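First the proteins, then the strands, lettered A, B, ... as listed; each starts at 1. Predicted model only: the values in this text are computed from it and were never measured.
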Protein chains: 2
Amino acid sequence: MIIIEYNHMGVDKLNLIEIFKALGDKNRIRILNLLIRQELCVCEIETVLNMTQSNASRHLNKLKTSGIITSEKESQWVYYKVDNKFIEENSLLYEFIKNMTVENTQLQRDLERLNRYKNSNFTCEQLREDKREVLKYLRGNVSK
Amino acid sequence: MIIIEYNHMGVDKLNLIEIFKALGDKNRIRILNLLIRQELCVCEIETVLNMTQSNASRHLNKLKTSGIITSEKESQWVYYKVDNKFIEENSLLYEFIKNMTVENTQLQRDLERLNRYKNSNFTCEQLREDKREVLKYLRGNVSK
DNA sequence: TGATTATATTCAATTATAATCATATAATAG
DNA sequence: CTATTATATGATTATAATTGAATATAATCA
């Protein structure tokens with residue numbers, strides 16, 4: 001039997017469609033916006049973007065299976081970052097995304113929260129111990 | 001009453017998410033691949049890509065509402081082309097898309113069909129009169 | 001070992017998207 | 001005006017994507 005897959009796009013040049021699909025979601029763009037600046041673990045992303053753990057994990061997985069980011073496990077934490085291969089093979093797209101993030105106010109607000117978090121010297125352990133305190137700090141209600 | 005749209009991306013820099021969503025579909029990429037080379041009306045796209053009229057029309061509409069293409073009516077035909085504003089404001093993305101299309105075999109096959117069609121001197125009127133003949137020609141079964 | 005914790009995954013509900021068929025609209029031709 | 005035709009749009013169905021809550025897994029800690 002011959003199966004003709006008339007409508008498929010072939011296998012060349014990875015799965016461009018999957019990449020665009022992965023980029024076509026607000027939450028994933030917000031995550032990517034952070035990862036462009038620095039490697040982060042799930043609990044940090046979750047906190048800075050104020051999203052549920054399972055949602056953050058799922059969106060990270062989608063970005064990963066489309067080849068945009070990679071992950072690395074360090075003891076109990078999983079750190080995510082933009083995949084170097086993706087950057088090399090899709091440099092125009094990557095530059096476009098980077099440029100676009102600086103022109104969006106929501107994404108810039110997210111980066112401010114990221115910077116607040118990073119400057120605070122809070123660690124993943126502190127997130128566990130008093131996440132409420134960390135969130136308050138990120139909102140700007142508490143000085144550290 | 002104050003409505004806080006906590007999760008929206010703001011209105012800056014058009015709707016990037018919508019653009020990525022529009023690009024995250026095989027049929028729309030195939031259409032865009034053609035329009036990058038030249039302005040075409042719906043019946044031509046429909047014929048070259050061998051898709052139904054309503055499907056072509058819907059995908060064109062999605063590309064249009066996301067700001068990637070524009071249309072212009074000429075008598076009974078509607079011609080679509082890539083929006084110059086889109087190209088100017090998203091040049092890196094546009095270059096990326098163009099490059100990617102030449103690396104994909106399905107999309108190159110589509111372009112061969114487009115060229116066959118254009119070289120045939122078939123017109124939209126002929127599509128109406130004998131679409132079956134035009135399709136045969138595009139498949140390569142008939143010489144003209 | 002047992003308890004805790006970071007992350008991933010499953011389930012169920014909801015919502016969005018895509019495709020097809022039929023019909024509407026607007027332009028043209030006679 | 002009527003018939004035809006190019007395109008758009010409804011309505012429907014099928015499929016896929018998104019989410020929160022709960023649970024599973026794997027690592028760490030005591």
Determine whether more than 12 heavy atoms belonging to other residues, nucleotides or ligands lie under 6.0 Å from atom NZ of B:Lys81.
-> no
How close or far is atom C1' of D:dA8 from atom CD1 of B:Ile69, stated in whole angstroms?
-> 14 Å
For B:Ser57, which contact category applies under a 4.0 Å heavy-atom criterion: base, sugar-phosphate, or nothing?
-> base
Is A:Glu112 salt-bridged to A:Arg109, going by a charged N under 4.0 Å from an acidic O?
-> no
Of the nucleotides D:dT18, D:dT7, C:dA18, which one has an atom closest to the side chain of A:Arg28?
-> D:dT18
Side chain of A:Val78 - closest among C:dT7, D:dT19, C:dT9 = C:dT7
Would you tell me if any nitrogen or oxygen in the side chain of [X] comes within less than 4.0 Å of OP1 or OP2 on [N]?
X       : N      : answer
A:Ser75 : D:dA27 : no
B:Lys73 : C:dA26 : no
B:Asn27 : C:dA19 : yes
B:Tyr80 : D:dA6  : no
A:His59 : D:dA17 : no
A:Asn55 : D:dT18 : no

Assess whether one donor atom and one acceptor atom, taken from the side chain of [X] and the base of [N], lie less than 3.5 Å apart.
X       : N      : answer
A:Arg58 : C:dT10 : yes
B:Gln53 : D:dA8  : yes
B:Ser54 : C:dC21 : yes
A:Gln76 : D:dA26 : no

Could you please spell out the steps behind the side chain to side chain contact (heavy atoms under 4.5 Å, CB included) verdict for B:Lys21 and A:Leu23?
-> CA-CA 8 Å; B:Lys21 270 190 195 155; A:Leu23 295 173; over 6 Å; no
Residue among B:Leu114, B:Ile31, B:Asn27 satisfying side-chain contact (heavy atoms from CB on, under 4.5 Å) with B:Leu49 | B:Ile31
Give the C-alpha distance, both sets of side-chain angles, the deciding distance and a yes or no for side chain to side chain donor-acceptor pair (under 3.5 Å) between B:Lys64 and B:Thr70.
-> CA-CA 6 Å; B:Lys64 187 179 171 183; B:Thr70 52; over 6 Å; no
